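Structure, as structure tokens:
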Protein chains: 2
Amino acid sequence: MGITRQTKQVKTLLNIFDNNEKAISVVDLIKLLEAQMNKTTVYRILDKLMDDGVVHSFVGKGGLKWYAKCQDCSCETHNDVHPHFQCKTCGEVECLSVSFTLPPINGYMVESASLFIVGVCSNCL
Amino acid sequence: MGITRQTKQVKTLLNIFDNNEKAISVVDLIKLLEAQMNKTTVYRILDKLMDDGVVHSFVGKGGLKWYAKCQDCSCETHNDVHPHFQCKTCGEVECLSVSFTLPPINGYMVESASLFIVGVCSNCL
DNA sequence: AAATATAACGCAACTTAGTTGCATTATGAA
DNA sequence: TTCATAATGCAACTAAGTTGCGTTATATTT
Ligand SMILES: [Mn+2]
Ligand SMILES: [Mn+2]
Ligand SMILES: [Zn+2]
Ligand SMILES: [Zn+2]
């Protein structure tokens with residue numbers, strides 16, 4: 001079940017994702033919002049925003065959780081199957097708007113796949 | 001720097017990877033070996049086996065670290081760039097001996113990429 | 001404009017993965 | 001057998017994420 005009440009904290013988080021193309025880690029979110037809300041609240045709101053198809057999450061380089069705004073998702077359909085890229089230089093993480101084809105693996109049923117790419121972004125090159 | 005002394009603990013871990021095609025998580029390794037060695041030792045030996053090109057690691061579904069034997073790696077060259085697969089049914093994680101091509105991303109320098117696939121393995125289908 | 005039901009929040013305490021410092025042990029070379 | 005030191009065990013710590021519960025605030029009803 002997703003969000004039912006538009007609390008001050010929910011609005012704050014929605015605002016962050018609306019004005020931010022890049023992905024952001026939970027750790028950074030908690031640090032950024034420590035004056036405004038509890039870390040438990042951050043985790044809980046993120047969970048609900050996931051349910052609502054507002055954001056999607058993925059596991060980054062060090063095993064940390066990252067979140068980014070969904071493009072064309074809703075409660076019912078999560079279409080955000082795209083690679084994620086982390087820049088070694090500036091540290092920023094972004095969703096790549098490209099589709100990728102999985103290698104052929106006979107006899108396996110594929111349910112989901114995540115591709116994480118590390119390198120140097122166009123700004124830092 | 002890698003391993004310089006063939007301790008009992010090192011032999012135990014080498015033996016596990018030699019007799020095991022599948023990948024294994026650190027958590028499972030620690031549980032499996034709790035009677036034989038300390039968890040700190042497990043982490044430290046795995047680090048060194050990485051340096052020596054004996055094993056490689058990757059981040060699994062939940063952000064946990066997994067390890068598997070390298071095929072053709074050494075201290076100098078780590079060639080193990082392949083996807084990893086986790087079966088939802090049996091939970092086993094394996095290295096896929098297939099190569100995959102990255103999607104074209106103009107203006108970015110790619111350094112490494114990891115592809116993690118979740119589904120049902122051939123045994124469980 | 002109250003009253004009210006309850007979703008959501010804050011807080012503290014907890015769990016778990018992984019790390020660090022240091023005293024002790026055991027390996028391999030001299 | 002001696003000896004330097006790599007490696008281990010242990011305890012304490014850090015950091016990410018979770019849980020339970022009492023309190024607060026939102027949105028609906030009266
Ligand atoms: Mn994304
Ligand atoms: Mn592998
Ligand atoms: Zn960059
Ligand atoms: Zn299976």
Side-chain angles (χ1 to χ4, degrees), chain A residues 1-17 23-68 75 84 86 91 93 114 116, chain B residues 1-17 23-68 75 84 86 91 93 114 116:
Chain A
M1 205 192 56
I3 284 171
T4 59
R5 292 186 185 179
Q6 285 285 114
T7 65
K8 193 175 51 179
Q9 292 87 342
V10 167
K11 286 174 192 158
T12 303
L13 271 168
L14 281 175
N15 198 47
I16 288 175
F17 284 107
I24 184 163
S25 72
V26 196
V27 175
D28 289 340
L29 268 176
I30 289 169
K31 210 168 291 167
L32 180 71
L33 299 171
E34 62 185 348
Q36 294 157 73
M37 71 187 80
N38 192 268
K39 70 167 175 175
T40 312
T41 305
V42 176
Y43 281 111
R44 288 198 274 230
I45 292 179
L46 287 173
D47 272 353
K48 291 178 184 168
L49 291 180
M50 288 266 292
D51 287 347
D52 290 340
V54 176
V55 300
H56 62 281
S57 76
F58 53 94
V59 175
K61 204 164 132 64
L64 286 195
K65 260 203 164 182
W66 289 76
Y67 287 85
C75 266
H84 294 99
Q86 180 156 30
V93 174
S114 53
F116 196 80
Chain B
M1 204 194 56
I3 285 171
T4 58
R5 291 185 186 181
Q6 286 285 114
T7 65
K8 193 175 51 178
Q9 291 87 342
V10 167
K11 285 174 193 158
T12 303
L13 271 169
L14 282 175
N15 198 46
I16 287 175
F17 285 107
I24 183 163
S25 72
V26 196
V27 175
D28 288 340
L29 267 176
I30 289 170
K31 211 167 290 166
L32 180 71
L33 298 171
E34 62 185 348
Q36 294 159 72
M37 73 188 79
N38 191 267
K39 70 167 176 174
T40 312
T41 305
V42 176
Y43 280 112
R44 289 199 272 231
I45 292 179
L46 287 173
D47 272 353
K48 291 177 184 168
L49 291 180
M50 288 267 291
D51 287 346
D52 291 339
V54 176
V55 300
H56 62 281
S57 77
F58 52 95
V59 175
K61 202 164 134 63
L64 286 193
K65 260 203 163 181
W66 289 76
Y67 288 84
C75 265
H84 294 99
Q86 180 156 30
V93 174
S114 54
F116 195 81

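The shown structure was predicted, so the numbers you read here are calculated from the model rather than taken from an experiment. In what follows, every chain begins at residue 1, and chains take the letters A, B, ... in the order their sequences are listed.
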Estimate the overall bend of the helix from C:dA1-D:dT30 to C:dA30-D:dT1 from the end axes over five pairs each, rounded to 10 degrees. 20°
Just to be sure I understand the rule, does B:Leu64 reach a base, reach only the sugar-phosphate, or reach nothing, if contact means heavy atoms closer than 4.0 Å? sugar-phosphate
Rounded to the Å, how far apart are A:Gln6 CD and C:dA8 P? 10 Å
Test item: A:Thr41 and A:Thr7 side chains (from C-beta on) under 4.5 Å apart, heavy atoms: no
What's the CG-C1' distance between A:Leu46 and C:dA8, to the nearest Å? 14 Å
Rounded to the nearest angstrom, tell me the gap between atom CD in A:Glu34 and atom C1' in C:dC9. 17 Å
Atom pair distance, as rounded to whole Å: CG in B:Asp28 and P in C:dT16: 14 Å
Distance, rounded to the nearest Å, where A:Lys65 contributes NZ and C:dT16 contributes P: 17 Å
Between the protein and nucleotides 6-10 of chain D, list the N/O to N/O atom pairs that are separated by less than 3.5 angstrom.
residue: D:dA6; atom: O4'; partner: B:Arg5; partner atom: NE; Å: 3.1
residue: D:dA6; atom: O4'; partner: B:Arg5; partner atom: NH2; Å: 3.1
residue: D:dA6; atom: O3'; partner: B:Thr4; partner atom: OG1; Å: 2.5
residue: D:dA6; atom: N3; partner: B:Arg5; partner atom: NH1; Å: 3.2
residue: D:dA7; atom: OP1; partner: B:Thr4; partner atom: N; Å: 2.7
residue: D:dA7; atom: OP1; partner: B:Thr4; partner atom: OG1; Å: 2.7
residue: D:dA7; atom: OP1; partner: B:Arg5; partner atom: N; Å: 3.1
residue: D:dA7; atom: OP2; partner: B:Lys48; partner atom: NZ; Å: 3.1
residue: D:dT8; atom: OP1; partner: B:Thr7; partner atom: OG1; Å: 2.9
residue: D:dT8; atom: O3'; partner: B:Gln9; partner atom: NE2; Å: 2.9
residue: D:dG9; atom: OP1; partner: B:Gln9; partner atom: NE2; Å: 3.3
residue: D:dG9; atom: OP2; partner: B:Asn38; partner atom: N; Å: 3.0
residue: D:dG9; atom: OP2; partner: B:Thr41; partner atom: OG1; Å: 2.6
residue: D:dG9; atom: N7; partner: B:Arg44; partner atom: NH2; Å: 3.2
residue: D:dG9; atom: O6; partner: B:Arg44; partner atom: NH2; Å: 2.8

How far does CG of B:Leu46 sit from CG of B:Leu29, to the nearest 0.5 angstrom? 6.0 Å
Can you tell if the side chain of B:Thr12 reaches within under 4.5 Å of the side chain of B:Ile45, non-hydrogen atoms only? no
In whole angstrom, give the distance that lies between atom NZ of A:Lys31 and atom P of D:dG17. 12 Å
Does some side-chain heavy atom of A:Gln36 sit less than 4.5 Å from a side-chain heavy atom of A:Gln9? no
Exercise: do B:Asp28 and B:Ser25 side chains pair donor with acceptor under 3.5 Å: yes
Nearest-angstrom distance from the residue atom CG of A:Leu33 to C1' of C:dC9: 14 Å
Look at the aromatic rings of A:Phe116 and A:Phe58 and report parallel, tilted or perpendicular, splitting at 30° and 60°. tilted
Mind checking whether B:Val55 and B:Leu13 have side chains closer than 4.5 Å, heavy atoms only? no
Do B:Arg44 and B:Met37 touch side chain to side chain, with heavy atoms closer than 4.5 Å? no
Is the closest side-chain heavy-atom distance between A:Ile3 and A:Asp51 below 4.5 Å? no
Atom CD1 of A:Ile30 to atom P of C:dC11: distance rounded to whole Å? 14 Å
